[in-house]
2 protein chains.
Amino acid sequence: MVTPSPADDAPRPSSSAPSSAATTPAASSASTSPAPSATTTPAAPASNTPVASAATAPAASATTAPVASAATAPPGRATLADVARLAGVSAKTVSRVVTDTDTVAPSTRARVEAAVAELRFRPNFLARDLRHGAVSKTVGFVMGDITNPFYFELGAGMERELHRGGLTMVLTATEDDASAEERVVGSLLAQRVRALVVVPIAADQSYLEHERSLGTPIVCVDRPPVGLDVDTVLLANRAGAAAAVDSLTALGHRRIAYIGSPGDLYTNRERLAGYREALARVGVHDTAHWERTDGDGRDFEAAIHDVLHQADAPTAVLTANNRASAALLRAVGTDRGDLAYIGFDDFDLADVLGFSVVAYDMREFGRLAAQCVLDRLESPDAPPRALEVPVHLVHRGSGERPPA
Amino acid sequence: MVTPSPADDAPRPSSSAPSSAATTPAASSASTSPAPSATTTPAAPASNTPVASAATAPAASATTAPVASAATAPPGRATLADVARLAGVSAKTVSRVVTDTDTVAPSTRARVEAAVAELRFRPNFLARDLRHGAVSKTVGFVMGDITNPFYFELGAGMERELHRGGLTMVLTATEDDASAEERVVGSLLAQRVRALVVVPIAADQSYLEHERSLGTPIVCVDRPPVGLDVDTVLLANRAGAAAAVDSLTALGHRRIAYIGSPGDLYTNRERLAGYREALARVGVHDTAHWERTDGDGRDFEAAIHDVLHQADAPTAVLTANNRASAALLRAVGTDRGDLAYIGFDDFDLADVLGFSVVAYDMREFGRLAAQCVLDRLESPDAPPRALEVPVHLVHRGSGERPPA
DNA sequence: TATGCTCATGTCAGCGATGTCATTCGGCCA
DNA sequence: TGGCCGAATGACATCGCTGACATGAGCATA
């Protein structure tokens, strides 16, 4: 009652734009403002002083300079030296107190702590880390398409684990642009991130070899790097797809369609391979007839219609990612009982819809990536590891129907 | 064909654990390794030199020291001075070339650029930002519960916009712990973030007042701060909920249930208020009978069962967040045609399920927050603004049914 | 009483980059 | 031919903090 779970209320909208439905702009916010973006309220003048407040300013003519720029604010941000002056000790002693390294006489400590509190001193990590070529406490994460929640789940798992190692995470994205990868990574390295977790997008990652040789831990996730030998964390794509198809063939299915993205992407290539492997095991070798790996990954619905209406229609479908799964639902509705289907990637409400899937623990995925980082920080010279996130079939009905 | 959308294949799993279904651990990855977490492959010794490679090392006995520590790697990371030495110029000139500030003779520039390339020099932003009390180019984002994709969507929108302003984003989370807020924020400030975007969790944010007075832009999102007068970006929670209920009452509904989280959280409080407002407009004042704001936000299903089976069962339901919406689907299935319902927050497949919702543009939400930051960096002394993200009703069928 | 030690604290340099100011060197004009 | 100017470049200090080392007081031991 008193300590509620604070985030319980935060909404979780879908990323897909409100589709296939009439939209009523009726309930715009307040009532005024035809502004296209948002409603601005002047914000009632609450309890707040103009700008130059800051308690106990050492010496500053608070009268002049109407535009007190941030960087040159009246007392400015307190430094070690400021604290030292106020406490009547040397900067070094303040440093000792703040970092709790050496022993300091109790009375001195008290005086310093008082000064720290009074000036609201906050150590500058930038300066601290500058010494000795040290690097920051942040780990850079380079996502691919920032609009894909997949990466967030991954990031969430990582953040949590990294936090334990006392590290924070810097988020950046390549915005789908392969040519941006090196630039984005470069900007992170300029910040001297402690380590780098990358979802490879560019055709080649060998440009990172130098950085790796310098000792920066680098971990590639979801897709393997090219021309770079580092730790990787990948899904069991092939095994997962094969297991799904195996379970379908065990029920007697032979005409199984595959709906996925183009195979020149690692993830899809692997899943497609798993699909073919499993079919080959039961003697079905020519699967091209059943495969739909459409051009841009957007037009799954059309591909599904197409394959379901061909001469010898499939009795089962493997949708190779959750967007394909969603497309299948849109194409055939939620009550197509005569068709068996299994999707790769779990998704929200799949349980309600009785959609069997190949699932895996996304949080664990992120955790493993973070673990790689932490491990490598400890033993920089260990040989690169290739971790694989296991997947498992989740039976919910749609994948357990025998052929009609 | 040749340039596929790289992230098309990334999966988008649900955050909910695979529920209500039999799980077959059958298809674990490779076949070996009963390890609980993941499969490790020794990673075939690919084309990779041990550690001390780095081209053109100035002077280093590459024979000794088998354990070349990261920080003290052979040539180490190149600095301005290294480049200067190689190019035969002063450090300052290198700086000029790198930052492209002053004019430099073409021949000199060429020499410096060659040296930069050879040593793979990368300027150290930590050092650069140290000067003059400057601050970094990063903006800190303090999420609430990191397990909630909502914040990542928000973060994604922010990241994209901040990127335009040449800023990067540092992500941290309070992990649901109100007492962690000040600590987490402190750690960001120690990194001298350029600005701070916070989802307030603690009971009071007045501790940030000093930082604000120092000129650090602070923006609160999703929930308003307490004891601090800064820019805010909030959803039109109340108006959205009211609009949903208005549309139900217009159809003749009067017995409308409310399923939400406890009201001591801003978001829920507002949505509940909107619900009550709208019902009051049609003369329904005693709504307590229809409200279910269960204790921990986890037990929506039970609350739904409860309210739907009470004496005078409601003819419509407002689910106040998307977890409640999912719970409704689990509780009543996907074909309950005699019940009208509308959910706050859009969600994936809501279109397939014909689920009417109160939706909003999450990307826009983040964009606005970023815009606040950028605006404030430009005009630090402008009065705080209160932005509201508009919401709109999306009609998909479930909310357009008249009472039975 | 001198020696040696520990504890508390201070001095100083330097991390890497850059703002400020100084210096050098050709010309160019009077 | 002298002086002046601007372009190109360098020297130096400095941002905030901390490692290495120094200092000095107090105290116990030989």
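Atoms considered below: every heavy atom in the structure, side chains included; atoms not considered: hydrogens, waters and symmetry mates. Numbered from 1 within each chain, the chains take letters A, B, ... in sequence-line order.
Rounding to the nearest 0.5 angstrom, the gap separating the CZ atom in B:R192 from the CG atom in B:L130 is 10.0 Å. Distance check, rounded to the nearest 0.5 Å: CG of B:L208 to CD1 of B:I218 gives 4.5 Å. Atom CZ of B:R122 and atom OG of A:S187 lie 9.5 Å apart (nearest 0.5 Å). The line from CG of A:L368 to CG of A:L154 is 10.0 Å long, rounded to the nearest 0.5 Å.
The separation between B:D100 atom CG and C:dT18 atom C1' is 15 Å, rounded to whole Å. Atoms CG (A:L80) and C1' (D:dG19) sit 14 Å apart, rounded to a whole Å. At whole-Å resolution of the value, CG in A:L126 and C1' in C:dG16 are 12 Å apart. Nucleotide C:dC15 holds its C1' atom 13 Å from the CG atom of A:N124, rounded to whole Å. Distance, B:Q191 CD to D:dG16 P: 18 Å, rounded to whole Å.
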Heteroatom pairs (N/O) under 3.5 angstrom, protein to nucleotides 21-28 of chain D:
none

Pick out the pairs of N or O atoms, protein on one side and nucleotides 6-8 of chain C on the other, that lie under 3.5 Å.
from: C:dA8; atom 1: OP2; to: A:T103; atom 2: OG1; distance (Å): 2.5

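Of the candidate nucleotides D:dC15, D:dA11, D:dT18, D:dT18 has the atom lying nearest to any side-chain atom of A:K92. Of the candidate nucleotides C:dT18, D:dG10, C:dA17, C:dA17 has the atom lying nearest to any side-chain atom of B:P123. Distance from the side chain of A:L130 is smallest for C:dC15 among the nucleotides C:dC15, D:dG10, D:dT18.
Under the 3.5 Å distance criterion, the side-chain polar atoms of B:T174 are matched with a main-chain donor or acceptor of B:M143. B:R223 places a side-chain N or O within 3.5 Å of a backbone atom of B:P200 that can act as its donor or acceptor partner. Side chain of A:E182 to backbone of A:S179: no donor-acceptor contact under 3.5 angstrom is found. Checking side-chain atoms of B:D375 against main-chain N and O of B:C372 turns up no donor-acceptor pair under 3.5 Å. Without hydrogens or angle criteria, A:R111 side chain to A:A87 main chain gives a donor-acceptor distance under 3.5 Å.
Contact annotation: A:R128 reaches the phosphate of D:dT18 (side-chain N/O to OP1 or OP2, under 4.0 Å). Considering only side-chain N and O atoms, B:T93 lies under 4.0 angstrom from the phosphate OP1 or OP2 of D:dG10.
Closest-nucleotide positions on DNA chain D for B:S90 and A:F125 were compared, and the one nearer the 5' end corresponds to B:S90.
Using a 4.0 Å heavy-atom cutoff across all strands shown, B:T99 reaches sugar-phosphate atoms only and no base atom. Residue B:V89 is classed as a sugar-phosphate contact, given heavy-atom separations below 4.0 Å to backbone atoms only.
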